[in-house]
Amino acid sequence: MQISPTINHSGIFFSCYANHGEMCFHKIKDHALLYIYSGELVLEETGKNVSFHKGECVFIRRDHRIMMIKQSYRNEEFKGISMTFRRTFLRNFYTHILNKKEILVDKDTKNKNIYPIAPRPDITSLFHPLTPYFDASLQPTEEIISLKEQEGVHLLLNTDKIFYPILFDFTEPWKIDILEFLEENYMYDLTMEEIATYTGRSLATFKRDFAKISNLTPQKWLINKRL
């Protein structure tokens, strides 16, 4: 079966990479649930690496940045699927399915962005029926996608109550500290537009906020740092 590197069906992403793999720097805009069919997924955050392999699953929290490596492992190419949960979908789920139940916010979770989920039969049941759609000629209906997304949310809520305040926090997207981001990522060849995006800003807002903390332009700051 021939598979393109990434297939997107309304927020459900199918990925396949052979020996060369792929390294990418992501701004996680929406909550995502990732499942590994084969190969290896490496997530790098604040200098720490966490690896996931065949049959394993991980939840990644929205509104932060992360380095993601998808590569072959033990002679098996990487195949994985990610299911994203958009705010509009979660609002609808919260209003019409949960009936606006009270959600207690756990402040201890605010700085945690990666949540490994132990292999279970319900995780297999969620993802393996989607394998036929690895063939790009097949297209799941919107009804199937919606049902799978609902199943994914129920899976998380049944895993740990900690996911209630995480999934149904509808505050506005974040802005992360500019200097903290630049100190950690100055070695990467990022454009000003990319840096602005990764810090949760438009380019104009990024330049305005940067002027408040430095007399240098962002470009000159980066040149001085690299020297």
Side-chain angles (χ1 to χ4, degrees), residues 5-17 21-46 48-71 78-94 109-120 122-131 133-134 140 142 144-160 162-174 176 197-198 200:
T6 302
I7 303 168
N8 176 13
H9 293 313
S10 299
I12 296 181
F13 297 85
F14 304 88
S15 301
C16 179
Y17 296 94
E22 183 202 52
M23 176 184 292
C24 50
F25 192 74
H26 279 287
K27 175 190 173 185
I28 306 298
K29 182 179 179 182
D30 297 300
H31 297 307
L33 188 61
L34 283 72
Y35 179 82
I36 314 305
Y37 285 103
S38 62
E40 181 178 47
L41 172 70
V42 181
L43 302 179
E44 178 185 334
E45 187 181 39
T46 61
K48 297 180 180 179
N49 289 352
V50 185
S51 298
F52 299 90
H53 302 96
K54 184 175 182 178
E56 296 183 325
C57 188
V58 57
F59 175 84
I60 304 179
R61 193 172 189 158
R62 69 172 172 88
D63 293 338
H64 76 286
R65 65 196 186 280
I66 194 169
M67 180 69 76
M68 186 179 296
I69 304 171
K70 302 172 183 178
Q71 58 193 9
F78 176 87
K79 292 182 182 179
I81 182 171
S82 61
M83 180 180 295
T84 59
F85 303 106
R86 299 169 182 171
R87 285 176 176 83
T88 52
F89 165 77
L90 291 172
R91 284 182 185 275
N92 184 68
F93 188 99
Y94 176 63
T109 69
K110 288 298 183 182
N111 296 319
K112 186 175 180 181
N113 296 313
I114 298 174
Y115 295 79
I117 299 176
R120 304 196 311 260
D122 55 346
I123 295 175
T124 302
S125 176
L126 172 65
F127 287 103
H128 275 262
L130 293 168
T131 54
Y133 303 112
F134 273 119
E142 290 298 324
I144 289 176
I145 291 175
S146 178
L147 287 172
K148 278 297 175 183
E149 288 176 335
Q150 291 181 43
E151 184 181 350
V153 172
H154 282 298
L155 182 150
L156 290 168
L157 298 180
N158 290 332
T159 297
D160 197 316
I162 201 173
F163 287 110
Y164 278 87
I166 292 175
L167 289 170
F168 306 118
D169 176 6
F170 301 121
T171 55
E172 290 301 312
W174 49 272
I176 68 172
T197 298
Y198 291 138

When rounded to the nearest 0.5 angstrom, what is the spacing between [atom1] in [X] and [atom2] in [Y]?
| X | Y | atom1 | atom2 | answer |
| --- | --- | --- | --- | --- |
| F127 | M83 | CZ | CE | 5.0 Å |
| K54 | K79 | NZ | NZ | 10.0 Å |
| N113 | I60 | CG | CD1 | 9.0 Å |
| C57 | I81 | SG | CD1 | 10.0 Å |
| I114 | L34 | CD1 | CG | 10.5 Å |
| D30 | R62 | CG | CZ | 8.0 Å |

Looking at every non-hydrogen atom in both residues, tell me the closest pair between S51 and V42 and how far apart they are.
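Nearest heavy atoms, S51 then V42: OG-CG2, 3.8 Å.
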Work out which heavy atom in L90 is nearest to a heavy atom in L167; give both atom names and the distance.
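Where L90 meets L167 most closely, the heavy atoms are CD1-O, 3.3 Å.
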Under the side chain to side chain contact (heavy atoms under 4.5 Å, CB included) test against L41, which residue among K70, E56, Q71 passes?
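Of the listed options, the one satisfying the test is K70.
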Any non-hydrogen side-chain atom of [X] less than 4.5 Å from a side-chain atom of [Y]?
| X | Y | value |
| --- | --- | --- |
| S38 | F78 | no |
| I145 | F89 | no |
| V58 | L43 | yes |

Checking F85 now: which residues fulfil ring-ring contact (aromatic ring centres under 6.0 Å, His included) with it, not counting sequence neighbours?
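ring-ring contact (aromatic ring centres under 6.0 Å, His included) list for F85, sorted by chain: empty.
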Take F93 and H154 through the ring-ring contact (aromatic ring centres under 6.0 Å, His included) test and state the conclusion after the steps.
CA-CA 10 Å; F93 188 99; H154 282 298; 5.1 Å; yes
Using distance alone, with no hydrogens and no angle criterion, decide if R120 and T159 have a side-chain donor and acceptor under 3.5 Å apart.
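Checked: R120/T159 side chains pair up, N/O donor to acceptor below 3.5 Å.
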Worked verdict on Y94 versus V153 for side-chain contact (heavy atoms from CB on, under 4.5 Å)
CA-CA 10 Å; Y94 176 63; V153 172; over 6 Å; no
Going through the distances and angles, do E142 and S146 end up as a side-chain contact (heavy atoms from CB on, under 4.5 Å)?
CA-CA 6 Å; E142 290 298 324; S146 178; over 6 Å; no
Ignoring hydrogens and geometry, is there a side-chain-to-backbone donor-acceptor pair from H31 to R87 under 3.5 Å?
no
Using modelled atom types only, decide if a donor and an acceptor are shared between the side chain of D169 and the backbone of P165 within a distance under 3.5 Å.
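No, D169 side chain to P165 backbone: no donor-acceptor pair under 3.5 Å.
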For the pair L126 and L33, evaluate side-chain contact (heavy atoms from CB on, under 4.5 Å) and give the outcome as yes or no after the intermediate values.
CA-CA 11 Å; L126 172 65; L33 188 61; 3.9 Å; yes
Any residue meeting salt bridge (charged side-chain N to carboxylate O under 4.0 Å, His left out) with D160, in chain and number order, not counting sequence neighbours
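With sequence neighbours excluded, D160 shows a salt bridge (charged side-chain N to carboxylate O under 4.0 Å, His left out) to no residue whatsoever.
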Does E44 have any salt bridge (charged side-chain N to carboxylate O under 4.0 Å, His left out) partners at least two apart in sequence or in another chain, and if so, which?
none
Do I117 and L156 pass the side-chain contact (heavy atoms from CB on, under 4.5 Å) test, and can you show the C-alpha distance, the side-chain angles, and the key distance before you say yes or no?
CA-CA 9 Å; I117 299 176; L156 290 168; 3.5 Å; yes
For the residue pair Y37 and Y35, does the interplanar ring angle fall in the parallel (under 30°), tilted (30 to 60°) or perpendicular (over 60°) class?
perpendicular
Could you check whether Y115 and F163 have their ring centres less than 6.0 Å apart?
yes
